Amino acid sequence: MRGVELMIFGVGAVFVFLSLLVLVTSLTSRFMSRFFPEMAASRPVTAAALRPPVDPVPDELVAVIAAAIHQHRKQRH
Amino acid sequence: MRGVELMIFGVGAVFVFLSLLVLVTSLTSRFMSRFFPEMAASRPVTAAALRPPVDPVPDELVAVIAAAIHQHRKQRH
Amino acid sequence: MRGVELMIFGVGAVFVFLSLLVLVTSLTSRFMSRFFPEMAASRPVTAAALRPPVDPVPDELVAVIAAAIHQHRKQRH
Amino acid sequence: MDNLLLLWQSTGLAQFEPGQAVMILIGITLLFLAIRKGFEPLLLVPIGFGGIMANIPGAGLAYSAAENALHGADPSVLAEMAVALGSSVLADARVLLDALATADLSQQLAATRIAEQAGYGNGMLHNFYVVAIASGVAPLVIFMGVGAMTDFGPLLANPRTLFLGAAAQFGIFATVLGAVGLTSLGLMDFSLADAAAIGIIGGADGPTAIYVASILAPDLLGPIAVAAYSYMALVPLIQPPIMRALTTQAEREIVMTQLRVVSRREKIVFPLVLLILVALLLPAAAPLLGMFCFGNLMKECGVVGRLSDTAQNALINITTIFLGLSVGSKLVADKFLEINTLGIMVLGVVAFAIGTASGVLIAKLMNRFGSTPLNPLIGSAGVSAVPMAARVSNKIGLEANPHNYLLMHAMGPNVAGVVGSAVAAGVMISLVGG
Amino acid sequence: MDNLLLLWQSTGLAQFEPGQAVMILIGITLLFLAIRKGFEPLLLVPIGFGGIMANIPGAGLAYSAAENALHGADPSVLAEMAVALGSSVLADARVLLDALATADLSQQLAATRIAEQAGYGNGMLHNFYVVAIASGVAPLVIFMGVGAMTDFGPLLANPRTLFLGAAAQFGIFATVLGAVGLTSLGLMDFSLADAAAIGIIGGADGPTAIYVASILAPDLLGPIAVAAYSYMALVPLIQPPIMRALTTQAEREIVMTQLRVVSRREKIVFPLVLLILVALLLPAAAPLLGMFCFGNLMKECGVVGRLSDTAQNALINITTIFLGLSVGSKLVADKFLEINTLGIMVLGVVAFAIGTASGVLIAKLMNRFGSTPLNPLIGSAGVSAVPMAARVSNKIGLEANPHNYLLMHAMGPNVAGVVGSAVAAGVMISLVGG
Amino acid sequence: MDNLLLLWQSTGLAQFEPGQAVMILIGITLLFLAIRKGFEPLLLVPIGFGGIMANIPGAGLAYSAAENALHGADPSVLAEMAVALGSSVLADARVLLDALATADLSQQLAATRIAEQAGYGNGMLHNFYVVAIASGVAPLVIFMGVGAMTDFGPLLANPRTLFLGAAAQFGIFATVLGAVGLTSLGLMDFSLADAAAIGIIGGADGPTAIYVASILAPDLLGPIAVAAYSYMALVPLIQPPIMRALTTQAEREIVMTQLRVVSRREKIVFPLVLLILVALLLPAAAPLLGMFCFGNLMKECGVVGRLSDTAQNALINITTIFLGLSVGSKLVADKFLEINTLGIMVLGVVAFAIGTASGVLIAKLMNRFGSTPLNPLIGSAGVSAVPMAARVSNKIGLEANPHNYLLMHAMGPNVAGVVGSAVAAGVMISLVGG
Ligand code: NA
Ligand code: NA
Ligand code: NA
């Protein structure tokens, strides 16, 4: 592999990657500002951290893991 | 070794250990409040640290070590 | 090698080294106070650090290294 | 063209396996729980992020050099490694990975050397794991920092609360029994060492759980750490119903007598007394409790403030970052997506529940037969989970009697629970790890 | 008398080689530039000092045990090591040093064991290098800290500036071409891996350059690191003429629209989005960008403030000290005083210039064909060199229009340049290091 | 029933040896001296606590894997290890421990591998020792931090005080002579390397003593470190009588001329000048004095404040914790309870006394024959023990003349003493360690 090729593929890969990042970042920003707008800038995230959780999330986590394992095992066998 | 045994011995050992700790702690507290009562809460320990020592303690340390070595050597030979 | 010799050479070496340090330090101090007197105590060194450099120093560095390499290679071959 | 192919083959897309995608989702879930729900974020943010990094296809960040060589699957390297591992030269990568896991030390060294000669190296997270966890140092340093943050005053004012710290460890051993039972029923597949490591989740103490798992069941370390920290975060959900069910309104209203003042000297002597008792009775707990007592002594002695500050700040923070990332390295799909993981999650919550119940029940007993009043709600704090469990006791107490602040009374059993689970860890290591 | 001889032989004077004196002068020059001229002092002070220590004659601080044994030149040890290295028993120390450098792993281990048996040990700086750089950990930890100091807000407000971060990396690849060209002209002697490592200097990012060099061209790490940090310090000198030459007065006066406010959530999600894109497309960049994103997530998530603080302070400072000293260990005369070093210095400044020009030119293009006005001066900030390059953009902008503050606009391409050079590093490692 | 037996056998009570009990008492004594009497608590608290942990029976925290396997005394493992160590298969554990201590590198590796296969691991404190002290890194990092805390201003204002720092090192070499003498009288059993390491206690500099002992006499490191720090704490007791005996009232009343102001540049240049002198004359002192000068340069240059802060705080504190615990690992009964330890304690105090006396006597000489007045009381500060010895000079001076503040004048010889003992260390390593 020679220098010219390395340059072409290298520059290309960097541009492709960063273009995708532009795309995904823009989409994410639009998605979030539409569906998860921040209620008010005054509610800092840290407040949530100090508040004890109130919904039965362990079920969520266990459910996610259970589904994941199920799917994983199915694919292997 | 099976689970039941592990449970019995394990719980037992934890209880024995912590019971002894209760005992020793209580005795120590009683001993200290009787024989080494703190003069006044206002004298912080750090003050002692800044004060240069005034009694010839090196002798103490050397004496302790000398006695220790003596005893140790006696036991081995 | 025995203890006496070690003592003589050791003490000697320490004295020689520290005497040289006295000499060199005194010379350096005299040299610096003559040729590089500090302009004013009020100009702290950190100010220089924040100021962007204004003279074309890369040339300096490259020149020093070039000269060094030249000399080094000459000596080896 | 070759370059394009090389680039494409090196992308994650070309190498993605479904398990990795699933694990990345689990990592994101952990981050969500940590950031949005406040689940033990100091540990779960690094663990979750480490879990995502561990499952980046083709990067092999969580694998050793030998594992990376086997994943690389270059035929000539595979053949060489097969010889080194004593397997058939025709064995495929998966078989060799299993062989590597069970190989003895010298075979592993030989395989590693071949891998390194072929240009493979340890992944970043693997290196973190070896340095931080396999060596045992990170949990111990964190325990030292926790010791330097712990105030044994409430415990010394009322040493009987140590019994509550002992009682709550019942959950640990009951869970071991459960794990052994599930295995004998054929539902799970846990060795006794595995069961012991899983049980420690019930100790509600993260570094202890990681330390024990790293010794007794390194393969299960990932799910055990995740379960331990998740359930510690869920203490405010898991404990209250159990506490309410096991106590009467009259018991919950009990006002306890104010704690006596504990002198500075008692606090200095206590870590030494505890250390000597450990030395006499339970050497297997010496690393954990030794470092814990050392941290506490540094705090209480008052003459090494700068060391104590560093142990509580820079040092514990640095260690936490690398401990979390290292735990994340155990969240690779192959090792995490097992039916055993589900078993661990279920057993963990059972351990918490039993520990909570035992603490409350023993507290009831001590109240009934003791000379001074003791509110059974502080029993649940014996599981550890400092200071969350003590806060829960306080909160439930305030519900029953709005003027009854149990927080300081619950701190006694709470720190007793830390000692208790370290003792239980020592017992486990003596009985099972020997 | 023997003692006197022994003392004299152990002095540096008796063992001084001219190259070492020269390197000590270069070390002093680096210190002078760092302290008096403010050239990236956080790195160049440790590097310069390490460079001086590495060249102390007779101390062997930068050498491994085996190298120190060969420098010791005890005949019986040399003979033993010659056998271990598969050389002629009559080979002299210099020949054996070359043989050691190219020996395979098991030969190196054998030679090391002989050296240790003979009482030789690793030099202090060599140990630092092995732990901090050869393991890869120090640049990664610094990248984590940089991530924890980085605000992606301006980038998220104007994601198109990522293109500028991409454009400025053109200098990297043009330099690779240059290095290959110089070699084919016979002026220098760089392998493709060397060329790739040298090119990364154009990324204007110290830890990335060190990380790539430690993988692709460890022998060139010293000059590459020195060049990278020297030129980063010279950004205010190198960039302005290029920026002025490539833009018109009208372009330099362009006022950009104010950046929108970016929500906290977007900032939290961005490092995860970037990490997942890395996972999908460029696993080779996973260590660098993973740690960078991890640092940034710790900062933005708001729930692990103490970890983020430590990553930005104690941890990055400790790592910087040892990273700098370790780089210094690569400034030993034998390895630094090569014609290649000059080539690296020249290629490095070319890389910077091309990167700057590419950034400005693409910015001009985006301004012409985009819908919103874009001042081409912010293009030069795409090379990284945070925040110096952005400040330069601001300064040149103020010259043209005293009321036009470009600083925040230039921070977008500036942090994009960090991401861009890490991506370029990943591409290099995939294509060349495979 | 087996379980009960297993539990009992694993307790410390069943395995306690009297020596361990004695050492635990010595550890508690050290803690008492540190906490109550303020004896160098930053080091003696970790050392004392480490000493207690090292002697916990059955825990093996201070032993290597191979030592733990031999202490475990499983017959089949013993037999295997006997073969590896080239001993008789029937040799018992004690014989094999001796064989292990004198085995060559490859035998040790073989024995270690057998021990690890059999499930034995390194103790926690042993690991700390290997990483912190055997590698040499911890004393060097502490020396760097001390450098960053040292102000050479008073020394530069009056460079002649360097002679006092040289004079006080006479104690070091006199002690070496003493140790050799005691051995030739048959009272003790010290090799020349042992004697050199013991002498360094007289340098009154903890990290230097530990560094030299780790190279020349690792087995004596425990008592040497304990003696060094104990006597440094006792400087206010040991020095005054000697100082009073050797000076007249008139001499003690001498008022010295005020020190000139030293420019920032002189302070920046001094560590470089010192480093280059080391490079030219005493490479063996390069690690110690190099790191010291590096720390000092970081402090004085003014452009790397954050690195200097970290070197003076987080980094030195972390290192001190592990250094102290590591030294504690050398307080195992087998190695500490030797008659040699007593010899070290006695020789140490003699070294201090001779160093103090030499400093005072040379100061008298310099006062008599020099042009400017020099109060001989500052001579005693040449032993190091910064800043305690300088304070003692000041205090005795104030007794003689209540308006004569010698503190700043004594800081010159005081920091000269640090340099002097590092130089002496280098000389020792050159002459003895070669
Ligand atoms: Na617990
Ligand atoms: Na860049
Ligand atoms: Na000294």
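Just so you know, these numbers use all the heavy atoms, side chains as well, and skip hydrogens, waters and symmetry mates. Chain letters run A, B, ... following the sequence lines, proteins first, then strands; residues in each count from 1. From a predicted model like this one, the values you see are computed outputs, not experimental measurements.
- For Ser106(E), the side chain to side chain contact (heavy atoms under 4.5 Å, CB included) partners are Arg113(D), Gln117(D), Asp104(E), not counting sequence neighbours.
- In this structure, chain F has a heavy atom under 4.5 Å from the side chain of Ile28(E), while its backbone stays farther away.
- Contact check for Phe322(E) versus Val141(F): side-chain heavy atoms found under the 4.5 Å cut-off.
- In this structure, CD1 in Ile318(E) is found 4.5 Å from CD1 in Ile318(F), a value given to the nearest 0.5 Å.
- Leu325(E) touches chain F through its side chain: at least one heavy atom from C-beta onward sits under 4.5 Å away, while N, CA, C and O do not.
- With respect to chain E, the highest number of heavy-atom pairs below 4.5 Å among Ala314(F), Pro271(F), Ser135(F), Gly290(F) belongs to Gly290(F).
- Heavy atoms of Asn313(E) lying under 4.5 Å from chain F belong to its backbone as well as its side chain.
- With a 4.5 angstrom heavy-atom cutoff, Leu272(F) touches chain E only via side-chain atoms.
- In this structure, CG in Leu288(F) is found 9.0 Å from CE in Met124(E), a value given to the nearest 0.5 Å.
- A distance of 11.0 Å separates CG of Leu315(E) from CG of Leu315(F), quoted to the nearest 0.5 Å.
- Contact between Gly58(E) and Pro283(F) at its shortest, heavy atoms only, is C-CB, 4.0 Å.
- Between Gln312(E) and Arg306(F), the closest heavy-atom pair is O-NH2, 2.6 Å.
- From Thr310(F), atom OG1 reaches atom CD1 of Ile316(E) across 10.0 Å, with rounding to the nearest 0.5 Å.
- When the candidates Cys293(F), Ala284(F), Ala311(F) are compared by the number of heavy-atom contacts under 4.5 Å with chain E, Cys293(F) comes out ahead.
- Val303(F) approaches Pro41(E) most closely through the heavy-atom pair CG2-CB, 3.5 Å.
- Heavy atoms only, all atoms of each residue included: Leu280(F) and Phe16(E) are closest at CD2-CE1, 3.1 Å.
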#### Entry: Trace of the side chain to side chain contact (heavy atoms under 4.5 Å, CB included) decision for Val137(F) with Asn127(E)
CA-CA 9 Å; Val137(F) 75; Asn127(E) 281 337; over 6 Å; no

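- Within the 4.5 Å cutoff, side-chain heavy atoms of Leu307(F) are placed close to those of Thr320(E).
- Note: Thr112(E) OG1 to Leu105(F) CG = 10.5 Å, rounded to the nearest 0.5 Å.
- Considering only heavy atoms from C-beta on, Ile268(F) comes within 4.5 Å of Ile35(E) through its side chain.
- Only the side chain of Leu61(E) has a heavy atom closer than 4.5 Å to any heavy atom of chain F.
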